[in-house]
Amino acid sequence: MKFMQRMLMAAAVLLAASGTLFAKGAQGQAGSEKGLIGVVMPTRSEERWIKDGNAVKEGLEKLGYAVDLQYSDDDIATQTRQVDDLITKGVKALVIASIDGSALSNQLANAAAVKIPIISYDRLLMQSPNVDYYVSFDNYKVGGQMGDILITGLKLDQATAAKPVIIELFAGSPDDNNSVGFYQGAMDKLKPYFDKGVLKVPSGQTDRAVIGTLRWDAAEAQKRMENLLSAYYSGNVVLNGILSPYDPISLSCLEACKAVGYGSTPGKPLPLVGGQDCIVASVKSILAGEQYATVLKDTRSLGAATVTLVDTLMQGKTPGGLDTTSYNNGVKVVPSLLLDSVIVTKDNVQSAVIDTGYHTKAELGL
Ligand code: BGC
């Protein structure tokens with residue numbers, strides 16, 4: 001229940017702050033005469049973006065807006081063309097989850113020139129003055145949760161330098177600003193354990209630039225895991241854990257480990273790995289005792305918060321309750337609405353995932 005409440009509160013915060021909570025309901029206009037809103041999502045090949053796209057589209061349509069929802073196939077040229085097209089179609093606002101956060105500056109300038117408000121969705125649009133709002137989760141906190149998963153799961157507080165815990169690190173796409181928050185949040189949590197020598201990375205690969213995974217490509221991460229295992233784990237060294245920023249990366253790393261005997265050889269249990277996005281396959285893996293945890297960022301609350309923000313702007317009101325210090329895109333601090341995320345382990349799948357309706361029992365094969 002707590003989780004649903006948080007979701008509804010997030011949606012209400014902007015309206016409440018701008019004093020329109022009840023005024024809106026009273027208007028009750030239908031149809032699409034309220035205008036067209038352009039929504040651009042990075043790819044249809046990941047479960048979360050489909051949920052995001054649907055949440056934003058359905059929410060806006062319920063309020064009487066028409067929605068043009070585009071998916072960019074993780075292709076930057078496609079995304080720039082889609083944004084150009086939406087500007088030409090005369091959208092009243094643009095909601096954009098970018099592929100490369102810095103690649104849309106020309107499009108954003110064109111949109112700003114015709115006074116289209118730009119909302120950066122989940123991923124911060126970088127290096128442009130023409131970003132009006134950012135709606136996301138607190139990415140640094142999400143990274144902290146990724147660190148906490150390892151601290152708790154690997155019992156790092158009980159570990160000693162005499163018998164260090166062995167891990168390898170993975171980061172997200174270098175062109176996605178979220179990767180910075182995830183990495184920094186996790187590393188800040190893990191730093192004391194590295195400093196005490198209770199946590200070690202045999203490959204020595206700890207820089208974000210080195211451990212990044214372009215376009216969050218799980219196959220690329222699997223290859224890197226295979227290479228790490230053959231280069232640094234051929235003797236008696238056993239990998240105990242993996243820092244993973246994304247569920248498909250977690251699952252591919254586990255596959256790479258299984259292929260060299262982890263999980264089926266005495267003394268080589270599967271390494272402990274977290275993740276992010278709470279995808280169905282990972283929740284199933286968690287229930288099966290393989291992936292240890294994930295971070296749930298409820299796309300329904302992000303969608304609802306975005307819908308409320310767009311509607312507030314379309315009414316000519318100024319949204320309130322925003323964070324005006326945390327997210328600098330290289331040119332300006334972008335006013336942000338930052339939602340909370342939740343760590344999911346086997347222990348709270350029922351309350352955090354099933355009871356909230358994020359995934360149904362049927363989807364999870366239960
Ligand atoms: C999002 C994550 C997602 C990743 C890959 C990030 O920007 O915040 O939720 O897992 O992109 O799509």
Side-chain angles (χ1 to χ4, degrees), residues 40-56 71-76 79 95-104 119-126 131 134-146 149 170-186 208 211-222 242-253 273-283 291 293-303 305-306 326-327 329 334 336-344 353 358-359:
V40 186
M41 294 285 150
T43 176
R44 211 190 293 265
S45 70
E46 291 174 35
E47 199 175 298
R48 76 150 289 184
W49 300 114
I50 296 175
K51 280 176 175 270
D52 286 280
N54 290 343
V56 176
Y71 283 91
S72 317
D73 294 333
D74 258 342
D75 181 60
I76 296 166
Q79 187 159 74
V95 175
I96 303 174
S98 55
I99 298 166
D100 176 336
S102 306
L104 293 172
I119 295 153
S120 191
Y121 184 91
D122 189 86
R123 299 173 172 174
L124 186 58
L125 289 158
M126 302 298 290
V131 186
Y134 181 38
V135 188
S136 188
F137 292 84
D138 187 328
N139 297 300
Y140 180 79
K141 269 199 206 155
V142 172
Q145 289 174 315
M146 293 170 185
I149 286 170
F170 286 74
S173 197
D175 54 4
D176 179 347
N177 185 61
N178 286 355
S179 303
V180 180
F182 300 156
Y183 173 80
Q184 212 46 62
R208 191 170 57 81
I211 64 170
T213 314
L214 187 65
R215 296 286 114 75
W216 303 86
D217 181 350
E220 180 187 318
Q222 183 159 349
I242 302 166
L243 174 69
S244 164
Y246 174 46
D247 284 342
I249 292 181
S250 317
L251 295 171
S252 339
C253 285
V273 61
Q276 183 194 210
D277 282 351
C278 197
I279 66 169
V280 167
S282 283
V283 179
Q291 186 171 328
T294 183
V295 177
L296 166 60
K297 303 191 305 186
D298 195 318
T299 47
R300 297 168 300 181
S301 23
L302 192 61
T306 305
S326 300
Y327 279 90
N329 77 348
V334 182
S336 305
L337 179 63
L338 304 172
L339 309 187
D340 283 338
S341 48
V342 176
I343 295 177
V344 175
V353 181
Y358 195 71
H359 296 313

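For ligands, and for the atoms within them, numbers begin at 1 and follow the listed sequence.
Those atoms of ligand 1 with a heavy atom of Asp176 less than 4.0 angstrom away are 6 (C), 7 (O), 11 (O). Annotation for ligand 1: atoms under 4.0 Å from non-hydrogen atoms of Phe182 are 8 (O). Those atoms of ligand 1 that come under 4.0 Å of a heavy atom in Arg123, given as number and element, are 4 (C), 5 (C), 6 (C), 7 (O), 11 (O), 12 (O). Residue contact check: Glu46 has heavy atoms under 4.0 Å from atoms 5 (C), 12 (O) of ligand 1.
Between Arg48 and ligand 1, an N or O atom pair is found at a separation short of 3.5 Å. Any N or O atom pair closer than 3.5 Å counts here, and Asn178 shares at least one such pair with ligand 1.
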Let me check something: any side-chain donor-acceptor pairs from residues 276-283 under 3.5 Å, sequence neighbours excluded? List them with distances.
residue: Gln276; atom: OE1; partner: Lys297; partner atom: NZ; Å: 2.7
residue: Gln276; atom: NE2; partner: Pro245; partner atom: O; Å: 2.8
residue: Ser282; atom: OG; partner: Gln291; partner atom: OE1; Å: 2.8

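Each of Asp52, Ile99, Ile50 was scored for a side chain to side chain contact (heavy atoms under 4.5 Å, CB included) with Met41, with one residue passing: Asp52.
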Problem set entry | Trace of the side chain to side chain donor-acceptor pair (under 3.5 Å) decision for Asn139 with Tyr327 | CA-CA 10 Å; Asn139 297 300; Tyr327 279 90; 3.3 Å; yes
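For the pair Lys51 and Tyr358, the cation-pi test (distance below 6.0 Å, angle within 45°) is passed.
Rounded to the nearest 0.5 Å, atoms CD (Gln79) and OG (Ser72) are 3.5 Å apart.
Contacts with ligand 1 closer than 4.0 Å are made by side-chain heavy atoms of Trp49 only, the backbone lying farther away.
Across every non-hydrogen atom of Leu337 and Ala305, the tightest pair is CD2-CB, 3.5 Å.
Of the protein's heavy atoms, Asp277 OD2, 2.5 Å lies nearest to atom 10 (O) of ligand 1. Looking only at protein heavy atoms, the nearest one to atom 1 (C) of ligand 1 is Asp122 OD2, 3.2 Å.
Checked by atom type, the side-chain pair Ser341/Gln145 shows a donor-acceptor distance below 3.5 Å.
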